[in-house]
Participant: 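Attaching a single structure in structure tokens format; questions to follow.
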Amino acid sequence: MSYLDNILFAILLIVGFGFFASSVKKIIRNINLGVDVNRKDNSKARWKNMALIALGQSKMVRRPVAGILHIFVYVGFIIINIELVEIIIDGLFGTHRIFAPYLGVIYDVLIASFEILAILVIFAVTVFWIRRNVIRLKRFINPDLNGFPKSDANYILYFETVLMLLFLFMDASDLHLQNVPGGFSHFHRAGSFPISQFIAPIFNGMSNELVALLFEVFWWLHIAGILVFMNYLYFSKHLHILLAFPNTYFANLNPEGQFDNLESVTKEVKLMMDPNADPFAAAPVDENAVPSKFGASDVQDLNWVQLLNAYTCTECGRCTSSCPANQTGKKLSPRKIMMDTRDRLQEVGKNIDANKGVFVPDNKTLLNDYITPEELWACTSCNACVEECPVNISPLSIIMDMRRYLVMEQSAAPMSLNAMMTNIENNGAPWQYSQQDRLNWKNEN
Amino acid sequence: MSESLVVPTMAEMLAQGTQPEVLFWVGCAGSFDDRAKKITKAFVRILNRTNVSFAVLGTEESCTGDPAKRAGNEFLFQMQAMMNIEVLNAYEAKKIVTACPHCFNTLKNEYPELGGQYDVIHHTEFLKSLIDDGRLTVEGGQFKGKKITFHDPCYLGRANKVYEAPRDLIQKLDVELVEMKRSKANGLCCGAGGAQMFKDAEPGNKEVNVLRTEDALEVKPDIIAAGCPFCNTMLTDGIKHQEKEEQVKVMDIAELIANAQDL
């Protein structure tokens, strides 16, 4: 007996997983370029969030059509991974349907449920394709998706359809051979095939050897396809199938209206307000002090959760479609904020790879080169995008950090906002009224 | 209407050696904006009528810093916050009520990290608690049978999940409460938040407040109820833009209750 198949399979697995591991390493390194933020508190609430939102898809079904179809694809993905375990064992050891003798009826149920899910996935993916390409829902034809993001979405749909078809054809050819009178080779009776039984008749009239060869082809293409797909994740919005889990775990737990407090500013303000502080004293030397910048102009100024957000974003556009600025024709698109952040982060990552682990300034920044101040100033901070995101991404936190940079580092706020801030500074109100008049309303009619 | 308002200040209270049950944080809009001042006065009339012991900071109050923070000026925000916290802590303020969701959110969520820990409630929650405690009874009065829709302020609703108190109050008025297609967590912003109130909108094809007013007009209300002085202004402007100011009024919930009671 030849072990060539098994060796080839092992090599395929090693190469597939090896490439994947190197992508994962790169993603982790890139996410760690961000500033540290503590998201390890309250693990109970975090696990609950992850269970409800990522595992339980609770926010997906707020839009029921997409939500339910998405659940088909999602459950299909998870369940078919169980089948993958058998495929890997069979491939490595040259066995065929190794679990069948041990699981008995349960095996029939499992295979049947994989098949039903496979057909549901094909159905869901078809509807998704129609929504994107025929009905052309507004959030899928927005200009921020032009180019690769639009094709990426379709590639994923094609890929999933092909993988599911290969799975069903693999089962169908297997079933055909199982039913050969007197038995054929190692194709013993195992499993239940509610869907592929309708495909099996196409093999009628073919020689058993040919069907067995076709089975091999489907089997190899299926597993190879999965490995290719897994490695495509790194380049694709489809990365969310993995990152949705950590992303919901590390998401912000505070009320949506509570914006983070800038500690570095607190120190300065306290010093300013302390009547005993010596304004001419040298700042205390802190060996760990990093020259701080207020707000964010590039990805390294964002925190690692914001960068994880960017990799997790699946570009569904629910944020943008609920954004009041976007709905009234303004340039701001919360989805674009996330996509820009990821694009820039990938660019910075490539720069680091090309320069032996150090980032060489490239005269570009996330601000201006990707995201314009006009987009940032259009935000009403209403949190609609944050509320909508099915995986708890916060585009708003990035917008706020970049506004902080514009205002505190560059004094580049719109004129009218500068006037408002001057009023607050001088009169304690955003309008030009004297603080002494604050109680005048009491005696007015 | 003729009776004058009783508005004690924290300083006066302290001089008398008393602490009010609640500190009423009026806010900049409530102090200076002509439309919002009416909301302030309506709320005070209810407080006076129900004999709630309250006080305001008066000239010692200053902007919470909300628009500065959301415009990105963390320095100015924290300076405002720390000055306000100093004043509030000096008076040992514990419970604060405000009719402005922006002040509410900032005092409640953003002051604690800077040393200001208070029990902060929105005026709709406070009015609801007065009803629940039997201190305030509300009947429909002039609003009986009217169609009212409630616009959720972002900083009350999504930001702090207060959705029911304002609705419960409206329903006490024997009116027909109708929901807009976008409400509660899906509510659409009035367009004023995030310091937008103080600047021109970026170029687009419509103003946010006009879009939101269209949402409201779709349900054909007699009154659009608001719980935020900024939403009130934006929706009032929206109604003017649609030339509907004769048919549809924009009113704060405090005004609805005060007017229903002929206060």
Side-chain angles (χ1 to χ4, degrees), chain A residues 254-259 261-262 265-266 268-270 272-273 294-295 322 324-325 327-332 374-375 377-384 386-387 400 402-408 413-414 416-417 419-421 424-425 428-431 433 435-444, chain B residues 4-5 7 9 26 28 30-33 37 40-41 56 58-59 61-63 65 67-76 78-80 82-83 105 109-110 113-114 154-155 158-161 185-186 188-189 191-208 211-212:
Chain A
N254 293 331
E256 283 170 23
Q258 179 182 341
F259 291 8
N261 184 56
L262 276 195
V265 171
T266 310
E268 305 250 342
V269 171
K270 279 199 171 138
M272 261 189 308
M273 291 178 69
F294 298 113
S322 65
Q327 284 177 54
T328 50
K330 292 158 186 95
K331 278 202 183 128
L332 174 62
E374 180 181 336
E375 294 164 64
W377 290 118
C379 173
T380 68
S381 76
C382 75
N383 266 304
V386 181
E387 184 82 31
M400 285 313 306
M402 296 184 82
R403 277 190 182 182
R404 283 169 173 169
Y405 178 84
L406 282 173
V407 171
M408 292 192 286
S416 45
L417 285 188
M420 175 272 286
M421 293 188 282
I424 292 181
E425 219 171 321
W431 299 286
Y433 293 108
Q435 192 162 353
Q436 290 314 307
D437 294 336
R438 268 193 111 91
L439 201 48
N440 288 3
W441 56 269
K442 178 179 153 183
N443 303 313
E444 290 168 4
Chain B
S4 62
L5 301 173
V7 190
T9 62
V26 183
C28 301
S31 304
F32 294 121
D33 180 87
K37 279 193 269 189
T40 306
K41 286 192 261 189
V56 298
T59 56
E61 190 185 284
S62 187
C63 175
K69 177 152 185 135
R70 267 142 265 273
N73 196 336
E74 185 77 6
F75 270 105
L76 182 53
Q78 291 199 12
M79 298 230 285
Q80 288 298 119
M82 285 188 202
M83 286 192 295
N105 176 70
N109 296 321
E110 290 171 354
E113 270 185 271
L114 297 167
C154 306
Y155 276 86
R158 265 195 299 272
N160 290 289
K161 311 291 174 231
N186 294 323
L188 183 78
C189 180
Q196 297 293 340
M197 183 77 187
F198 306 101
K199 61 184 264 296
D200 290 328
E202 276 56 39
N205 49 38
K206 196 182 257 185
E207 298 301 330
V208 176
L211 181 63
R212 186 50 169 167

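Chain letters run A, B, ... following the sequence lines, proteins first, then strands; residues in each count from 1. Keep in mind the model is a prediction, meaning the values are calculated, not measured. The figures that follow rest on heavy atoms only: side chains count, while hydrogens, waters and symmetry mates do not.
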Participant: Check whether A:Asn443 gets within reach of chain B through its side chain, its backbone, both or neither, counting any heavy atom under 4.5 Å.
Facilitator: neither
Participant: Using a cut-off of under 4.5 Å on heavy-atom pairs, state which of A:Pro414, A:Ala384, A:Ala413 scores highest against chain B.
Facilitator: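 Max contact count across the listed options: A:Ala384.
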Participant: At a 4.5 Å cut-off on heavy atoms, which part of B:Asn73 comes close to chain A: side chain, backbone, both, or neither?
Facilitator: both
Participant: What residue in A:Asn440, A:Val407, A:Leu439, A:Leu332 has the most heavy-atom pairs under 4.5 Å with chain B?
Facilitator: A:Val407
Participant: Most heavy-atom pairs under 4.5 angstrom with chain B, which of A:Glu268, A:Glu375, A:Met420?
Facilitator: A:Met420
Participant: With chain A as the partner, which of B:Glu113, B:Met79, B:Glu61 has the greatest number of non-hydrogen pairs under 4.5 Å?
Facilitator: B:Glu61
Participant: Of the backbone (N, CA, C, O) and the side chain (C-beta and beyond), which part of A:Ala429 lies under 4.5 Å from a heavy atom of chain B, both, or neither?
Facilitator: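 Answer is both: backbone and side chain atoms of A:Ala429 are under 4.5 Å from chain B.
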Participant: Is there a donor-acceptor pair closer than 3.5 Å between any side-chain N or O of B:Arg212 and the backbone N or O of B:Leu188?
Facilitator: yes
Participant: Compare all side-chain heavy atoms of B:Met83 with those of A:Met273 and state whether any distance is below 4.5 angstrom.
Facilitator: yes
Participant: Kindly say whether B:Glu110 contributes a backbone atom to a donor-acceptor pair with the side chain of A:Gln258 at under 3.5 angstrom?
Facilitator: no
Participant: Please look at A:Glu444 and chain B and tell me whether the side chain, the backbone, both or neither of the residue comes under 4.5 angstrom of a heavy atom of that chain.
Facilitator: both
Participant: Top residue by heavy-atom pair count (under 4.5 Å) with chain B, among A:Lys330, A:Gln436, A:Met400, A:Glu425?
Facilitator: A:Lys330
Participant: Report the option among A:Met402, A:Met408, A:Lys331 that has the most heavy-atom pairs separated by less than 4.5 Å from atoms of chain B.
Facilitator: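 Greatest number of close heavy-atom pairs with chain B: A:Met408.
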Participant: Let me know if B:Phe198 has heavy atoms under 4.5 Å from chain A in its side chain, its backbone, both or neither.
Facilitator: both
Participant: Would a 4.5 Å heavy-atom cut-off, applied to side chains only, mark B:Glu202 and B:Gln196 as touching?
Facilitator: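 When only atoms from C-beta onward are counted, B:Gln196 and B:Glu202 do touch, with a gap below 4.5 Å.
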Participant: With a 4.5 angstrom heavy-atom cut-off, which part of A:Trp431 approaches chain B: side chain, backbone, both or neither?
Facilitator: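 It is the side chain, since no backbone atom gets that close.
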Participant: May I ask you to name which of B:Lys37, B:Lys199, B:Lys206, B:Gln78 has the most heavy-atom pairs under 4.5 Å with chain A?
Facilitator: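 Ranked by contacts with chain A, first place is B:Gln78.
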Participant: Please report the interatomic distance SG(B:Cys189) to CZ(B:Arg158), rounded to the nearest 0.5 Å.
Facilitator: 7.5 Å
Participant: Just give me the residue among B:Gly72, B:Pro203, B:Ala201 that pairs up with chain A most often, heavy atom to heavy atom, under 4.5 Å.
Facilitator: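 Top option by heavy-atom pairs under 4.5 Å: B:Gly72.
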Participant: Counting only non-hydrogen atoms closer than 4.5 Å, does B:Val7 touch chain A with its backbone (N, CA, C, O), its side chain (CB onward), both, or neither?
Facilitator: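 Both parts, heavy atoms under 4.5 Å.
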Participant: One thing to verify: whether B:Lys161 and A:Glu256 come together as a salt bridge, which I'm taking to mean a side-chain N less than 4.0 angstrom from a carboxylate O.
Facilitator: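 Salt bridge between A:Glu256 and B:Lys161, a charged N being under 4.0 Å from a carboxylate O: yes.
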Participant: State, with a plain yes or no, whether a side-chain heavy atom of A:Arg404 is found less than 4.5 Å away from one of A:Leu262.
Facilitator: yes
Participant: Any non-hydrogen side-chain atom of A:Met421 less than 4.5 Å from a side-chain atom of B:Pro67?
Facilitator: no
Participant: Between A:Asp437, A:Leu417, A:Leu406, which shows the greatest number of heavy-atom pairs under 4.5 Å with chain B?
Facilitator: A:Leu417
Participant: Looking at B:Thr9, B:Asp33, B:Leu114, which one has more heavy-atom pairs under 4.5 Å with chain A than the rest?
Facilitator: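 Looking at each of B:Thr9, B:Asp33, B:Leu114 in turn, B:Leu114 comes out on top.
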Participant: Could you tell me whether the side chains of B:Asn160 and B:Asn109 share a donor-acceptor contact shorter than 3.5 Å?
Facilitator: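 Their side chains do contain a donor-acceptor pair, which is all the 3.5 Å distance test asks for.
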Participant: What is the ring orientation for B:Phe32 with A:Tyr433, classed by angle as parallel under 30°, tilted 30 to 60°, or perpendicular over 60°?
Facilitator: parallel
Participant: Given a strict heavy-atom distance threshold of 4.5 Å, which part of A:Phe294 is in contact with chain B: side chain, backbone, both, or neither?
Facilitator: side chain
Participant: State whether a side-chain donor-acceptor pair under 3.5 Å links A:Glu387 with B:Asn186.
Facilitator: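 Absent: no donor and acceptor within the cut-off.
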